[in-house]
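Comments concern the structure below.
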Amino acid sequence: MTTEDRREQSVSFGAAAAAYERGRPSYPPEAIDWLLPDGARHVLDLGAGTGKLTVRLVERGLDVTAVDPDQGMLEVLSASLPDTPALLGTAEEIPLPDDSVDAVLVAQAWHWFDPELAVKEVARVLRPGGTLGLVWNNRDERLGWVKDLGRIIGHEVDPFSQTVSLPGAFTDLRRHQVEWTSYLTPQALIDLVASRSYCITSPDEVRIRTLDRVRELLATHPALANSTGLALPYVTVCVRATLS
């Protein structure tokens, strides 16, 4: 995928911002604890989207700034977090001054960035010794119905081997994973699928066919049929590094 393709897809989510907010999971407290450095006060949520991670950081009493390239996503974020600065910007051009934050966290978005440019910008806005933390929620497809869902909407990367390299000024790269369960309604599962970038950008007939197949899975799979609540297992993968 080219840089231009990444940028185009990264701003596609606004068209489904409400579905994104309804369907996407939050992040387990253990993962956030591990990502945040001791004593952090000023935190940048980069690629914040509708604020799934932002709200968890604000709840901890941190001074949080949210940055995202999609105005539609930021509008949803600001509706629930009106006192949190929400700025239009990209990882390649972060709208913050030098040495201004203790940590930069990136939830579910690093793959949309140009890593070389993003690392330089993150290093610019971080204070010396600050932390870059990356986090991804991945469906745990070891269970039958979740694997069947992957056949419809595309399989996740293997969370047990997922990692990333960070060029430039970052050292002490570490990795951690958390296994947990998200509880959601059947409609929220539909919203989760509808909020995926490939679904948003697909032709109408492809998107409709995909969502119909998910509805059929919900209606016919023995573990899901007639259920009003679903247990969707996740493996949350965390990577952190320190600005040297």
Side chain to side chain contact (heavy atoms under 4.5 Å, CB included) assessment of L44 paired with V122: CA-CA 10 Å; L44 167 61; V122 169; over 6 Å; no
Y234: which of V178, N137, N138 passes side-chain contact (heavy atoms from CB on, under 4.5 Å):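 By the side-chain contact (heavy atoms from CB on, under 4.5 Å) criterion, Y234 pairs with just one of V178, N137, N138: N137.
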Over all heavy atoms of both residues, which pair between [X] and [Y] is shortest? Give the atoms and the distance, please.
X    : Y    : value
T181 : A231 : CG2-CB, 3.8 Å
L166 : A241 : CD1-CB, 3.7 Å
L211 : A194 : CD2-N, 4.0 Å
Y27  : A107 : OH-CB, 3.5 Å

Ion pair [X]/[Y], N-O distance below 4.0 Å:
X    : Y    : result
D212 : R215 : yes
D33  : R60  : yes
R213 : E216 : no
E156 : R139 : yes
D98  : R124 : yes

Any non-hydrogen side-chain atom of [X] less than 4.5 Å from a side-chain atom of [Y]?
X    : Y    : answer
V67  : P95  : yes
D99  : V125 : no
L132 : L243 : no
V119 : F113 : no
L149 : L189 : yes
E30  : H176 : yes
L105 : L36  : yes
Q71  : L88  : yes

Could you state the interatomic distance from [atom1] ([X]) to [atom2] ([Y]), rounded to the nearest 0.5 Å?
X    : Y    : atom1 : atom2 : result
C199 : R209 : SG    : CZ    : 11.0 Å
T54  : L77  : OG1   : CG    : 4.5 Å
E179 : D140 : CD    : CG    : 6.0 Å
D68  : T50  : CG    : OG1   : 9.0 Å
E121 : I94  : CD    : CD1   : 5.0 Å
W145 : L230 : CH2   : CG    : 5.5 Å

Honestly curious: do [X] and [Y] fall in one hydrophobic cluster under the side-chain, below-4.5 Å linking rule?
X    : Y    : answer
V237 : V157 : no
V101 : W110 : yes
V206 : I153 : no
I152 : L143 : yes
L87  : V76  : no

Derivation and outcome, side chain to side chain donor-acceptor pair (under 3.5 Å), residues H42 and D102: CA-CA 5 Å; H42 301 276; D102 303 310; 5.2 Å; no
Candidate pair S100 and R127, rule side chain to side chain donor-acceptor pair (under 3.5 Å), full reasoning: CA-CA 6 Å; S100 57; R127 297 185 177 118; over 6 Å; no
Checking the side chain of [X] only, and the main-chain atoms of [Y] only, is there a donor and an acceptor separated by less than 3.5 Å?
X    : Y    : value
R207 : S202 : yes
K52  : R24  : yes
R175 : C238 : no
S244 : A169 : yes
S78  : L81  : no

Residue pair T236 / W136, side-chain donor-acceptor N/O under 3.5 Å: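 No, because no side-chain N or O of T236 sits under 3.5 Å from a partner of the opposite role on W136.
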Residue E205 excluded, over 12 heavy atoms near CD under 6.0 Å: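 Count over threshold, so yes.
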Over 12 non-hydrogen atoms of neighbours within 6.0 angstrom of CZ in R151: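 Yes, enclosed.
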Criterion side chain to side chain contact (heavy atoms under 4.5 Å, CB included) on T210 and V193, from CA distance to verdict: CA-CA 9 Å; T210 299; V193 175; 4.1 Å; yes
Working for side chain to side chain contact (heavy atoms under 4.5 Å, CB included), residues Q108 and V135: CA-CA 6 Å; Q108 222 73 23; V135 58; 6.0 Å; no
Candidate pair R240 and T131, rule side chain to side chain contact (heavy atoms under 4.5 Å, CB included), full reasoning: CA-CA 7 Å; R240 74 180 184 210; T131 294; 4.2 Å; yes
